[in-house]
Each structure stands twice: as C-alpha cells, then as structure tokens.
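Computed from a predicted model, the values in this text were never measured in an experiment. Numbered from 1 within each chain, the chains take letters A, B, ... in sequence-line order.
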Amino acid sequence: MAKKLIFLISFLLLSNLCQAELITLFRPAASKTKDSSLLVEGRVEDLPIRHLQLRVDPFIDGAPTSQVIPVENGYFRAKVELSPGLNIISLSTLSGKHRFIKPILLLRKKQPGIGEFGKKASVFFTSPEALRASPPLFVKGVVTDPSIKKIEVAVMSIYESLPQGPDRFLTQWIKKGIFKGITYREVEIKDMNFSFPVEDLSEGLNMIVAKPAGLRAGYEDVQLKVVLHEIGSKQIILQEPVLSDNKVVIKGRMDDPSIKKAMLGIYALVEEKGEESIRWIAEEQIKIKKNGVFELKVGLGKGDYIIKSSPTVVITAPGVRASRTLIKWW
Amino acid sequence: MKKDMKLKLVIFGCLFLLPQLALAGVRILPLADLQILGGNSYFEGERSSFKGNIYLDIVPALEFSDRFYLLPRYSGSYAGNQEAGELESGEHLLQEIQSHDLSLKLINNFRPDLKAKAKIGYARELTIETEDESWGNGLYDYDQTTGSLELEKISTKGRIPFTISGGGSFYTVRFPNYDSLASGSDTSTAGLESVGKDIQDYDAKEIFVETDLAISPNIISKAGYIYTHKGYADQRLVTASGEYESVKREDDVHDLDLSLNYSLLAKIRATLGLSYQLRLNRSNQNHYDASRYEFIPNFYSYTQHSIGPEITLYLPYSLTLFLSYEYERKDYQDRLIQDKEGEYGDNHLYLRTHTANLSLSYPLRRNLYLKAETGYKKAGSNMEYEEVYRYNYTCGHYLFGLSYEY
C-alpha cells in the first residue's frame, strides 16, 4: 500500500499538466456582473490561514479598496464594491506571499472607444505585429519609464463587455471554450522589456490591455492591442470573406468528402434600440458542390440594428468548425 | 523494515529535499499560525497552577512555477493545563499533553475543475497523567503514520457552486509503552500473555466522501461521511469463559458530519453555524471481568451523537466574539453500568457531555491578536464506578495570550 502511494505521489510530482490553487472561489463565478455590490465567497485548503487580505483594484479609473476578512472553518465571505469596467479582485494571505486573483467586469452603459486608450501610455507592445493571431501567442513590448518594474495585463474578448451578453448560441460556445473569459496576469520587466505568453484567445476580436502595476490609471495610461483569432480546420478551408455591395462573399472548400451538409452563421456586435449586444445576423444552410467547393453571398443589415463591429463568419459541420472575421466590413 | 518506518524515511527524505528545491527556483510561500496562551484550569472545582498552552502550525508551501503546490507542514502543540481526554475506552484526567505532526501534502489540478491531493504524515502524541510522570513514559503515548489520496471536483458554474471530494487513507497507530506497563497494572487480567503483546496497536483503512455546497449567497453547508476499518493485529477476542480466541479484534467506524454556516453581512457582521456528528463504532471485541465473572459482549460498540450551534460576532473596535455550545450523547450497545463498588447493573452505559466555549480576540496589529478564552465541560453518566475512568465530572479553563498569523 505504501509503495503504491509513493508511486502515485511521484507520478503527481512529475506531471506537468497541472495547476493548483490554495483558494477555491465559489462566488463570483462569472467574469462579468451588472451589480456594483458583489459577494466574494469561497474556501481555503486545510492550512493555517485564519484571515485573508481582500483587495479590489479597478484596472481603469477608480480607487482600490482593501479589507482583512476572517476565515471560519475554512470558509470566507465578504462584500465588495466594484468600479465600472474591469476590476481585479485579489485574495492573499496576510504575508502577501500567496495571492489568488479573479478578474471581473462591472458592465458599463457605454463602452470606451478604442481611440481613448494609450495617449499617455508608458507601456508599448512590439510583437506580434500582425492582427491575426493564434494561441499560444507570445506578446513582447517595452516600457518607457525605467521605474516600472512590473506591468498588469488583461486579455478579453471585445464581446465580454456587452451588457446583453452573448445570446444562447454563444453561451454554449463559452461552455465549449470558444469564448475564454478574462485572463489577468502580472509581468516582470527586465531591462525595460517584457514578454508573456497568451495561452487562450477567444474567437474573433480580443483586447490585450496593459498598464504599470499598481498605477491608478485612466484610459490614456492604458495601452491596448487588438488581436484577431480565427479558428482553422483541416476539413473546412475557408477563404477570407469580402464585402461586396453590402453582401458578404464567402468562399471555401470541404476537404472531407464525408461532409455533405454544413451551416453558415454570421455574428456581430450590433446596436439595437440603443443597446449593444452580440447576435446572429445571418444563418443558412450551405450547398456543397460535388468537388467540395462552396460559395455564397449573404446580405447584411436587414434587421432593425446597426452593425458595430467586424462580423465573424462561422462554418460548422458535425464535429468541425472554421471561422473568419471581416476586417473591413463598412 | 516495517511499513511505518519506511514512511518515516520517505517523509524525512522529502523534508531534506526542501532546501534543494528552493535553490532550484521554487517559490516558497510561508504560512504560520502561533498561539501562546497562559491561564488556569479546574477539574471538579480544584484549580491547577498557572500553566501555558502553545500551538504552532508552519507550512512553507512550495509553488512550482505556477504549476502545483507541495505543502510540507509541522503542527505542534503543548497543553500544560489539566484536561479530560478519552483514552482507550473512557475519560482520564491528563496533566499535560504535547503533540507533533509532520506531513507532506501535494495538491495538483489535473483540470481546472479537478484537484488531486496526496498526503503522507507522521505524528506523535505524548501525555502525562500523573504529576510525577515524565515525558515519553506515558501509557497512552502513541505514534501515527498516515498516507492518503483524495480527488476533488469543483463546480462553480451552476446556480449552487459545490465541491465534492472522495478518497482513501490508511494509518497505523502504535503505543510503544502500553504493553510493558499494562502487564503490571491492575487492569491486566488473567491470561494477559495469551491476549497479545501490543494490544492497543492498530492499522486503519479509511474511505471518505465530503461535499461543500454554497446553497445561497450567505449559506454554505457541508456533509461528510467516513468509513474506517481498524484491525488490531495483536488483540485477540475474549470469549464468554474469559479465554482468548485466535480471532483478532476489528472495529468498523462510521462517521457522519453535517454542518450549516450562515453569514450575516449587515452593519454588525455575524456568522452562525450549526453542526451535527454521528458516530457508529461497531467492534467485535468483548470484555470479561474476571473479578466478578461478568461477560460483556461488544464492549467497545457505541453510538454517539453530537450537536452544537456556534456564533461569531464581529463587534465594534475590531473585537471578535466567538461562542459555541455542544451537546454530546454516547450510548454503549452492550456495556453495563456499575455501582460505586463495581457491581454490575442491568442498564447499558451512557455518557452525556455539555461543552461551552467563549473567546474574545482583538487585533493589536494586522496579524497579531490579543486573545482570551474560556471553556466549560460537564460530563454525566449512569456509571458510578470510577476507579479507572471518569464519567461524572466538571472541568474548565480560562486562558489569555497572543495569537500571530503569517
């Protein structure tokens, strides 16, 4: 029995496919909320932890708050107030050595424009230069102020910040991992340079925002980079869609002769009755020719909405999916 | 080499490796809890002299490149105040107790929602029953070696976040002083040599399942069940004629643990808790009282219920007040009561205890607390014979001191 246990422990020790936390957060579970008052609730491992330091740091605009909260029978619970936009909730032991981080977005009524970011930023991205990117992505950059020792970075889909949230189709995609939620990390600066990997990108447009660690920053202090992630497939070869006479021209080829039917969907950020949301703007079945080629033109703007961002074209067949996003659609 | 010896070697070997890991770029995240309290205790109205209690818990948690944690841990305590403790099959008055527990635990998320835990440990507890006794000679001093594996599922996406874990463990408990002292004590019975040498030593196997449910934003409930099988390799069963069989003693223990924890996050913050524990101990061992020719089957089998509320109040000026009460009832299946002279009655033995604790803490600094606590326990039973064990008594303590957390 002891030998088996020792073997198992050795196996676990050598395994690299793991990540562990000493704190389990029950609430909040979602990455966004509409309520500024939020309950933070969870459990710690069986360890000598009787108090935790709970901080809320707004990423942009807003004052940080901090409180020491008790841990009773391994559980902790406290209320915090969020600022509009991205907030970083952190729970740390009193020594400050162990830290658990949960990024959460308090939805705003109006989203900031891309042009509002980075006018006075001291953080600059140098790589990748191309708009299209696939994870794992290695981001590099520099800081212009030598006193900056660390930066904070958040990565999220542009659709994350929508008050209406994804519709029921996209909710399923979140479960399937097509939308990844918000990731946050702190990155050390070495010789005024930084680099960090981005292991997860959501389908479509993603925002990477960065600022000096601990800085109470406005939009102008925060650097923004937008990257586009398109899902490729060996079975579905999808060309870049183009816009022609307010119609999206979609061309491609099925490399798998067993696929006889496929569905086309186009989703986009739209404004409808004064509110922004993400929704399907076109859905139809694709006719595949005998040689596997398909081609179709889909009209946009038929509904009572205004398309606010680049529409994403998705082709799905049983078990496969490919997507491309229109960069120039207006 | 004995199994527990091998485990000890593994634990000490792992602890020896810790400094090497630190040099290899592993981040060390120290956690510590230290409490130093002094005060008095009393037993049946008789006060002890001023004594101290010390508790130390240190975990230099090792973080391997954000990938997983290894948690070496030392927990040690010394209680200089008299207290009643359960030893073998009844309550004794203990003058002093010290315990030392070394363990190594690994926590590993195979998936974001799945956590594996493995633990090995070695513990030693030493007791002093009489004032002229010295450390290391206690009849009930014991060593325990433990190994466990656990798998935990975490779900936070649904309406009711929960964790559920299950696993197994084994442990060995050895009483190094028991055999030599027991042979010369009054508790020995005729034919002791044939009963076995290390009669208190046992090996235990355990399976457990436990769940935490965050039922609503202010309520967390917990439920756990543990099944333990204890095998006493050197303790033979006593027959109705007072002889010993070749069959060994085996105990099956079922533990059920339910609790509810409610938080009131109003102007004055409070946490209310209610817990219930059930223990069914089923043992095949009997007892033969040679002096009175009395045979008692299933001598160690009992059912025990305990229930208790607790409240924590977070008062103005950062004062924290904790108050708890527990009622415990233990009913032996077949063990008979005795009168003051030791004559057996017809009824089965029961024990009832009421325990209350009150503590107050005040932060002197962010991680340094001034602490005062008091506790009271009243035990009652239908057993009147108390030559060996105590069944009817009151005891308590009051302590104050400092608590430090890192």
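- Heavy-atom minimum distance, A:Glu152 versus A:Gly214: OE2-N, 2.8 Å.
- Across all their heavy atoms, B:Pro30 and B:Tyr406 have their closest contact at CG-CE2, 3.5 Å.
- The aromatic rings of A:Phe125 and A:Phe194 lie perpendicular to each other, with more than 60° between the two planes, well past the 30° mark.
- Listed options B:Ile58, B:Ile160, B:Asp212, B:Thr163 were ranked by heavy-atom pairs under 4.5 angstrom with chain A; first place goes to B:Asp212.
- For B:Lys205, the NZ atom counts as loosely surrounded, since its 6.0 Å shell holds 12 or fewer non-hydrogen atoms of other residues, nucleotides or ligands.
- Looking at B:Pro363, neither its backbone nor its side chain comes within 4.5 Å of chain A, counting heavy atoms on both sides.
- Sorted by first and then second residue, the pairs that involve residues 75-93 of chain A and meet salt bridge (charged side-chain N to carboxylate O under 4.0 Å, His left out), not counting sequence neighbours, are A:Glu41-A:Arg77.
- Most heavy-atom pairs under 4.5 Å with chain B: of the set A:Pro28, A:Gly42, A:Gly74, A:Ser95, this distinction falls to A:Ser95.
- The greatest number of non-hydrogen atom pairs below 4.5 Å with chain B, out of A:Arg50, A:Glu45, A:Gln53, is found for A:Arg50.
- Both the backbone and the side chain of A:Asp46 come within less than 4.5 Å of a heavy atom in chain B.
- Listed options A:Val68, A:Leu47, A:Thr93, A:Thr24 were ranked by heavy-atom pairs under 4.5 angstrom with chain B; first place goes to A:Leu47.
- Interface residue A:Leu39: only side-chain heavy atoms are found under 4.5 Å from chain B.
- Between chain A and the residues B:Ile154, B:Asn367, B:Leu265, the most heavy-atom pairs under 4.5 angstrom are made by B:Leu265.
- Checked against the 6.0 Å centroid criterion, the rings of B:His229 and B:Tyr202 do not qualify as a close aromatic pair.
- Only the side chain of A:Tyr75 comes within less than 4.5 Å of a heavy atom in chain B; its backbone stays farther off.
- Screening A:Leu91, A:Leu52, A:Leu22 against A:Phe100 for a side-chain contact (heavy atoms from CB on, under 4.5 Å) leaves a single residue, A:Leu91.
- Note on B:Arg366, B:Glu310, B:Lys222, B:Arg269: by heavy-atom pairs under 4.5 Å with chain A, the leading option is B:Arg366.
- Across all non-hydrogen atoms, the minimal contact from A:Arg27 to B:Ser216 is NH1-O, 3.2 Å.
- Neither the backbone nor the side chain of B:Phe322 comes within contact range of chain A, judged by heavy atoms closer than 4.5 Å.
- Only the side chain of B:Tyr369 comes within contact range of chain A, judged by heavy atoms closer than 4.5 Å.
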